[in-house]
Amino acid sequence: GLADLYLRTDRLAEAEQAYQKAYQLHQEVDSKLGMANDQNGLADLYLRTDRLVEAEKAYQQAYQLHLEVDSKLGMANDQQGLADLYLRTDRLAEAEQAYQKAYQLHQEVEDKLGMAYDQRIYGEILRHRRQHSEGLAVLNEVEKQFESLEDREGIAETDLAKGRLFFSQQDTKNAGDCLNRAWKLADQTGLLTLKREIEEEPGFRTEAE
């Protein structure tokens, strides 16, 4: 929807307003599924803007609503968001638990793209645990899956994750190459929010550098 478009193109204030308006309208017609999806979108937005307490609350509310309407796909996406959130706050045990729930649910509904995004998060969990070779193997496999699914955002996010992994090993050359590839792909695809996130990475450099 419109709110999702705003979120992807870095128009965050407009995205928040659109999600809240949609939630209110879904509430008026008692559409729990609509409300759940709006809460998930708001949670993604809060996560992007480092409002982590609000993000966690919104993901949990979305999960509860998706559970009530038995939407496995919705529940999977909420758990995926929670895994990412826990990862960002170094709550690794909770991140892995949420990742496993998300992956299992995505598997049950045969959502290959969802499973690939779950695996990308798992690669980042391994990086946080300093299991670098295992993490890189997971991310390389995930990148192949995104390529076969022709998901440019997934490829860019995986290159971002690989850049972080190389940088944590003080391999600035490979880190810079991965982050530069991710930035170019985000730029070409119009993913302005992701592009800004890549620019904030300590290992990012322009080709001129």
Side-chain angles (χ1 to χ4, degrees), residues 1-27 30-109 111-128 142 151 153-154 157-158 160-161 164 191 193-194 196-197 200:
L2 192 58
D4 295 327
L5 176 69
Y6 289 147
L7 181 59
R8 290 158 68 90
T9 54
D10 210 25
R11 294 160 69 181
L12 301 181
E14 289 164 283
E16 185 167 358
Q17 198 173 34
Y19 281 128
Q20 287 171 341
K21 190 174 181 181
Y23 182 86
Q24 191 178 347
L25 290 168
H26 282 130
Q27 195 171 36
D30 199 29
S31 168
K32 284 188 177 178
L33 181 59
M35 289 160 64
N37 292 337
D38 300 330
Q39 281 292 92
N40 178 277
L42 271 171
D44 286 345
L45 185 146
Y46 293 146
L47 189 61
R48 291 273 191 195
T49 51
D50 288 325
R51 292 149 71 183
L52 301 182
V53 174
E54 289 168 278
E56 185 170 357
K57 186 178 173 184
Y59 279 130
Q60 287 169 343
Q61 286 175 345
Y63 182 82
Q64 190 57 44
L65 286 163
H66 280 130
L67 186 64
E68 286 174 25
V69 297
D70 196 30
S71 169
K72 285 187 177 180
L73 179 59
M75 289 158 64
N77 292 336
D78 301 328
Q79 287 295 328
Q80 184 184 88
L82 281 168
D84 198 4
L85 183 146
Y86 294 143
L87 185 63
R88 291 178 191 225
T89 50
D90 285 324
R91 293 153 69 181
L92 295 186
E94 289 168 282
E96 185 153 9
Q97 193 175 38
Y99 146 73
Q100 286 169 346
K101 282 183 188 173
Y103 188 82
Q104 186 180 341
L105 286 162
H106 278 131
Q107 202 168 33
E108 285 176 25
V109 297
D111 182 353
K112 287 184 180 179
L113 188 60
M115 289 161 66
Y117 275 98
D118 297 329
Q119 286 291 88
R120 183 196 64 76
I121 291 170
Y122 183 53
E124 294 238 48
I125 290 170
L126 291 171
R127 170 176 65 84
H128 277 256
V142 166
D151 188 83
E153 184 172 3
E157 288 204 7
T158 306
L160 168 57
R164 287 169 173 161
L191 300 167
T193 309
L194 180 60
R196 186 164 55 82
E197 191 177 344
E200 289 168 0

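For the residue pair Ala102 and Ala76, the shortest heavy atom distance occurs at CB-O, 3.5 Å. Closest approach of Leu67 to Met75, counting heavy atoms only: CD1-CE, 3.5 Å.
A salt bridge is absent between Lys57 and Glu54: the closest approach of a Lys/Arg side-chain nitrogen to an acidic carboxylate oxygen does not fall below 4.0 angstrom. Using a cut-off of 4.0 Å between Lys/Arg side-chain N and Asp/Glu carboxylate O, Asp44 and Arg48 are scored as not salt-bridged. Ion pair Glu197/Arg164 flagged as a salt bridge, since at least one NZ, NE, NH1 or NH2 atom sits closer than 4.0 Å to an Asp/Glu carboxylate oxygen.
Put simply, the side chain of Glu56 does not reach to within 4.5 Å of the side chain of Leu47, judged on heavy atoms. With a 4.5 Å cut-off on side-chain heavy atoms, Glu68 and Gln64 count as touching. Tyr19 places none of its side-chain heavy atoms less than 4.5 Å from the side chain of Gln39. In this structure, Arg91 and Leu85 have side chains that are in contact, with non-hydrogen atoms separated by less than 4.5 Å. Side-chain contact between Tyr122 and Glu96 is present, with heavy atoms from C-beta onward closer than 4.5 Å. Counting heavy atoms from C-beta outward, Val109 and Leu105 have side chains that stay 4.5 Å or more apart.
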*asked:* Could you walk me through whether Gln100 and Asp118 satisfy the side-chain contact (heavy atoms from CB on, under 4.5 Å) test, starting with their C-alpha distance in whole Å, then the side-chain angles of each, then the deciding distance to 0.1 Å, before giving a yes or no?
replied: CA-CA 8 Å; Gln100 286 169 346; Asp118 297 329; over 6 Å; no
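The line from CD of Gln80 to CD1 of Ile121 is 4.5 Å long, rounded to the nearest 0.5 Å. With values rounded to the nearest 0.5 angstrom, Asp38 atom CG is found 12.5 Å from Lys21 atom NZ. Interatomic distance, Thr193 OG1 to Leu191 CG, rounded to the nearest 0.5 Å: 8.0 Å. Gln60 contributes atom CD, which lies 12.5 Å from atom CG of Leu65 (distance to the nearest 0.5 angstrom). Rounding to the nearest 0.5 Å places OG1 of Thr158 at 9.0 Å from CD of Glu124. Here the straight-line distance linking atom OG of Ser71 with atom CG of Asp78 works out to 8.0 Å at 0.5 Å rounding.
Here the rule is side chain to side chain contact (heavy atoms under 4.5 Å, CB included) with Tyr117, and of Asp151, Val142, Asp111 only Asp151 fits it.
No more than 12 heavy-atom neighbours from other residues, nucleotides or ligands sit within 6.0 angstrom of CD on Gln17. The number of heavy-atom neighbours closer than 6.0 Å to CD of Gln104, taken from other residues, nucleotides and ligands shown, is 12 or below.
The ring pair (Phe, Tyr, Trp, His ring centres under 6.0 Å) analysis of residues 34-66, with sequence neighbours excluded, yields no pairs.
With sequence neighbours left out, Lys72 forms a salt bridge (Lys or Arg N to Asp or Glu O under 4.0 Å) with Glu108.
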